[in-house]
Protein chains: 2
Amino acid sequence: MDNKEQDILRAAERMVREGGYNAFSFRDIANEVGIRSASVHYHFPTKEDLGAAVAAYYTDKFLGALGEPEELVIAGKDPIKAYVKAFRDALAKDKRMCLCGLLGAEINGLPPKVVGETRVFFERNLDWLTRAYTLQKGEKGAKDKAVQTLALLEGAMIVSNALGNNENFDAAVQIIS
Amino acid sequence: MDNKEQDILRAAERMVREGGYNAFSFRDIANEVGIRSASVHYHFPTKEDLGAAVAAYYTDKFLGALGEPEELVIAGKDPIKAYVKAFRDALAKDKRMCLCGLLGAEINGLPPKVVGETRVFFERNLDWLTRAYTLQKGEKGAKDKAVQTLALLEGAMIVSNALGNNENFDAAVQIIS
DNA sequence: CTTTCCCTATCTTTCGATAGATAGGTCTTT
DNA sequence: AAAGACCTATCTATCGAAAGATAGGGAAAG
């Protein structure tokens with residue numbers, strides 16, 4: 001069994017999270033996966049297609065692993081705490097930026113399909129957080145709190161990533177509640 | 001008088017802020033400035049040199065325009081408010097990300113000199129904010145507040161930039177004080 | 001008459017992309 | 001069940017464009 005398509009997405013995710021959309025090539029990915037660059041084109045015709053697919057793959061993986069905020073509340077868990085932990089794991093385990101945080105920063109230089117999928121990440125995450133805050137404290141101000149939390153987490157990742165030290169992440173996100 | 005060197009830095013700043021370190025080439029810059037790509041190499045031998053110079057140029061320009069927090073306090077101004085406004089202007093006027101926020105996100109894929117200058121931006125900004133908070137509320141917790149503020153501002157820029165809407169920036173940064 | 005600044009011309013490498021071939025599997029038709 | 005048609009997934013080989021970089025020349029200024 002191969003599932004080369006997933007291998008390609010995984011390799012691309014790693015490379016984009018390292019240096020952005022322009023930090024991977026079809027040859028790089030082909031080498032890592034163990035096929036030829038022409039075969040990568042077979043699965044993803046253009047780089048734009050692959051970039052958009054990676055963003056969508058990352059969004060699904062990230063929110064899928066988290067579960068829905070309603071379910072977390074039913075299970076007696078704090079959805080906001082779980083959400084912050086998901087970000088911290090992405091930084092600590094992978095030692096890398098949030099893929100869509102990076103793409104969001106680069107968005108003015110990205111091809112249209114990648115822009116679209118990157119926006120989907122932010123919209124779905126803001127929706128998730130808004131629902132979580134609504135469950136906790138009611139609808140009032142939930143949207144603003146969602147924006148604040150997402151911004152603080154993405155920014156904390158940048159500062160920690162840039163300075164190569166995770167204490168800054170913890171110092172920054174301790175005000176989230 | 002030309003000052004081509006500054007023209008080059010300005011062009012490079014604009015391009016990096018659009019799509020990151022890999023979003024500009026010597027030819028692009030040469031075209032914009034009105035010279036040939038070989039002449040850009042005369043001023044900045046390698047791309048790494050130019051990238052590092054742009055980061056340093058941006059850091060100096062940003063903090064220089066702001067002034068020292070001690071001076072702002074003496075002039076009866078709130079340094080934190082001034083700092084937030086400086087970020088908002090960078091987003092609203094230029095319609096672009098913070099240059100070093102973008103480089104910070106990409107840092108794992110950047111050449112050493114650029115990494116160094118990007119870190120200088122974060123270190124000097126954290127220092128500035130720490131001094132500002134110390135002036136306002138004393139040393140206790142000033143460092144953490146500095147990290148929180150910088151992270152929130154960089155993250156708010158990413159979210160606003162990604163979704164192409166500045167209201168998210170305002171919603172995110174309203175908690176800064 | 002050297003330094004500064006820009007030029008032309010060119011090199012090498014890498015990029016994204018395409019053409020055309022092939023081996024092996026699957027489906028369809030008789 | 002056999003034969004023919006099509007599909008999947010990969011390969012080799014190659015393209016033109018663009019990248020970063022360098023050598024060497026020339027004009028102007030002091």
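Given the structure is predicted, the values throughout are model-derived calculations rather than measurements. Excluded from the calculations below are hydrogen atoms, water molecules and symmetry mates; all remaining heavy atoms, backbone and side chain alike, are included. Within every chain, numbering begins at 1; the chains are lettered A, B, ... in the order of the sequence lines, protein sequences first and strands thereafter.
Residue Asp28(B) places its side chain closer to dA19(D) than to any other of dG16(C), dA19(D), dC6(C). In the set dA17(C), dC6(C), dA21(D), dA21(D) carries the atom at the smallest distance from any side-chain atom of Thr46(B). Listed candidates were dT10(D), dA17(C), dA21(D). Nearest to the side chain of His41(B) is dA21(D). Distances from the side chain of Ser37(B) to the nucleotides dA19(C), dC6(C), dA21(D) place dA21(D) closest. Closest to the side chain of Ser39(A), out of dT10(D), dC15(C), dA9(C), is dT10(D). Here the nucleotide nearest the side chain of Ala38(A), chosen from dC11(D), dG20(D), dC6(C), is dC11(D). Closest approach to the Ile35(A) side chain among dC6(C), dC15(C), dC11(D) is made by dC11(D) (side chain taken as heavy atoms from C-beta onward).
Rounded to whole angstrom, the span from the CD atom of Glu48(A) across to the C1' atom of dG16(C) amounts to 13 Å. Rounded to an integer number of Å, the gap from Met15(B) CE to dA19(D) P is 10 Å. Per the geometry, NZ belonging to Lys47(B) stands 19 Å off P belonging to dT13(C), to the nearest Å. We find that CG of Asp49(B) is positioned 13 Å from P of dG20(D), with the value rounded to whole Å. In this structure, Asn3(A) places its CG atom 10 Å from P of dT10(D), rounding to the nearest Å. When rounded to the nearest whole Å, the span between CZ of Phe26(B) and C1' of dC11(C) equals 16 Å. Following rounding to the nearest Å, His43(B) (NE2) and dG20(D) (P) show an atom-to-atom distance of 17 Å. Taking atom CZ on Arg36(B) and atom C1' on dA27(D), their separation rounds to 16 Å, with Å as the unit.
With respect to the salt-bridge test (charged N to carboxylate O, under 4.0 angstrom), the residues Arg124(A) and Asp60(A) qualify. Between Glu117(B) and Lys113(B), no side-chain nitrogen of the basic residue sits less than 4.0 Å from a carboxylate oxygen of the acidic one, so the salt-bridge criterion is not met.
For Tyr42(A) and dA9(D), the shortest distance from a side-chain N or O to OP1 or OP2 is below 4.0 Å. Under 4.0 angstrom from either OP1 or OP2 of dA19(D) there lies at least one side-chain N or O belonging to Ser25(B). OP1 or OP2 of dT10(D) sits under 4.0 Å from a side-chain N or O of Lys4(A).
Outside the 6.0 Å centre-distance limit, the rings of Tyr133(B) and Tyr83(B) are not counted as a close aromatic pair.
Ring orientation note: the planes of Phe121(B) and Phe62(B) are tilted relative to one another, at an angle of 30° to 60°.
Looking at heavy-atom distances under 4.0 Å, Phe44(B) makes no contact with the nucleic acid at all.
Asn165(B) and Asn168(B) form a side-chain donor-acceptor contact under 3.5 Å, judged by distance and modelled atom types alone.
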